2 protein chains.
Amino acid sequence: MISQELLEKYGALKKSFQKNEPVFEEGNLPTHYYQIISGEIKMSNYNDDGREFIQGIFYKKQSFGEPPLFLNQRYPANAIAVEESTILALNKPSFTKLLEENPAISIQIIENLAQRLYYKSIMSAEISTHDPEHRVLKLIDYGILYFNFPKDNNGYLIHLTRQQIGDLTGLRVETVIRAIKNLEKKGELKIIKRKVYR
Amino acid sequence: MISQELLEKYGALKKSFQKNEPVFEEGNLPTHYYQIISGEIKMSNYNDDGREFIQGIFYKKQSFGEPPLFLNQRYPANAIAVEESTILALNKPSFTKLLEENPAISIQIIENLAQRLYYKSIMSAEISTHDPEHRVLKLIDYGILYFNFPKDNNGYLIHLTRQQIGDLTGLRVETVIRAIKNLEKKGELKIIKRKVYR
DNA sequence: CTCGTTTTATGATTTAAGTCATAAAATGTA
DNA sequence: TACATTTTATGACTTAAATCATAAAACGAG
């Protein structure tokens, strides 16, 4: 995360997005660095028969969509606002200038990319070699660590729908629902008013 | 990739690894930056019942295992030599110093991480939402682009075993073998003396 | 060259997850 | 507050890929 002041110093502008409004679309060339001020942005792909795969969900203070920006490659996925969101957008030339003039930021970017690569490494192994219950639980545990889910007296509230969990793990809703029920039976998590706690 | 001279200037040492010898193991804390001079290194996980998932295969001039090094986190996977390999290893304090004193290297690191994140993004979507043939073909096409497979008059030679393709895509050998046969029937690739060409 | 190991190959069978159908809560909104 | 939409839920059925069994070809070490 880069401080709002620094981004604005280099000319970053605030933009608002309605719920379900796209920030950028698969196949387009990147033009800006994006960082969330408030709201929630989802990056996802759709396969030929319309099935969604969520690459990640990003919250306030997080940036998204940088890899293709650095590589001058087309976006491999869509980014859309899950809820009304405000985002800082800095155009590429200014962003490059910012990086050149602030070497310490590069280290932050490296750490951020490393973190996301670490997540993808774990999840790709989980997704491809483990059973649904294991996948769902790992995703939840990862979310607790890095999506900063809120904690109350029932434990961490997993604010993802069953459908979203499915789209993040490559499982179908029904399978996720069944897996969560089984995990509850095993005492791995709680379901209170249909909400999942861990 | 960082030039061998620069790495050696900061004290990097050459190390040799026998076939199947581990470079580092899952759960250990990172101590060095590693870059391949020659040979082939595989990073992979094993699930509870011994099934392997290959995170990636790295060839000469490529570095591997940096994300946990930057994050001070334990390795999420093992790295082992697929064949006899020579590697440059630079310890963490020296590597940090190198980065601080050579800001341009940071940009290279960023691009490298961005590239790998891009690969993981594509593959994770492919793996979770598509059928075996699609997965295998995407992996092969990616490999042609980034693993620099050799090209001869039959096309690009995919020098991965069926087992490795399976471990990279989360499929079983038999499924990969059948998928490859079908892809040959469809004219998407060639099988000559059991070797796969595209 | 020989023998053991690895890789590719193919058919039969099983099974876990996907699909389909249907519905009741919960949530949002006019 | 009423109604449409979304989310969660459950049972029955189907299917694609995993599993199991077996073997031939290729490769590699001695």
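Residue numbers begin at 1 in each chain, while the letters A, B, ... track the order of the sequences. The structure displayed is predicted, hence computed values, not measured ones.
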If you only use heavy atoms from C-beta on, which nucleotide in [options] is closest to the side chain of [X]?
X        : options                : result
A/Arg194 : C/dG18, C/dT7, D/dT8   : D/dT8
B/Arg178 : D/dA12, C/dG11, D/dA9  : C/dG11
A/Thr161 : C/dT8, D/dT8, D/dA18   : D/dT8
B/Arg172 : C/dA25, D/dT10, D/dT19 : D/dT19
B/Val173 : C/dA17, C/dT8, D/dA18  : C/dT8

Please determine whether a side-chain nitrogen or oxygen atom of [X] lies at a distance below 4.0 Å from atom OP1 or OP2 of [N].
X        : N      : value
A/Arg162 : D/dA9  : yes
A/Thr175 : C/dG18 : yes
B/Lys195 : C/dT8  : no

Can you check the [X] [atom1] to [N] [atom2] distance for me, whole Å?
X        : N      : atom1 : atom2 : result
A/Asp131 : D/dA18 : CG    : C1'   : 14 Å
A/Lys19  : D/dT5  : NZ    : P     : 13 Å
B/Glu174 : D/dA18 : CD    : P     : 8 Å
B/Asn20  : C/dT5  : CG    : C1'   : 13 Å
A/Lys185 : D/dA9  : NZ    : P     : 12 Å
B/Ile177 : D/dA25 : CD1   : P     : 15 Å
A/Glu52  : C/dG18 : CD    : P     : 16 Å
A/Glu83  : C/dT29 : CD    : C1'   : 18 Å

Residue mapping more 5' on DNA chain C - nearest nucleotide basis, A/Pro132 or A/Lys193: A/Pro132
Sugar-phosphate, base or nothing in reach of B/Gly166, heavy atoms under 4.0 Å: nothing
Using the ring centroid of each side chain, check whether [X] and [Y] are separated by less than 6.0 Å.
X        : Y        : result
B/Tyr156 : B/Phe149 : no
B/Phe53  : A/His130 : no
B/Tyr142 : B/Tyr119 : yes

Sidechain-backbone polar pair: B/Gln62 side chain, B/Tyr59 backbone, donor-acceptor under 3.5 Å: yes
salt_bridge(A/Arg74, A/Glu25) N-O dist < 4.0 Å: no
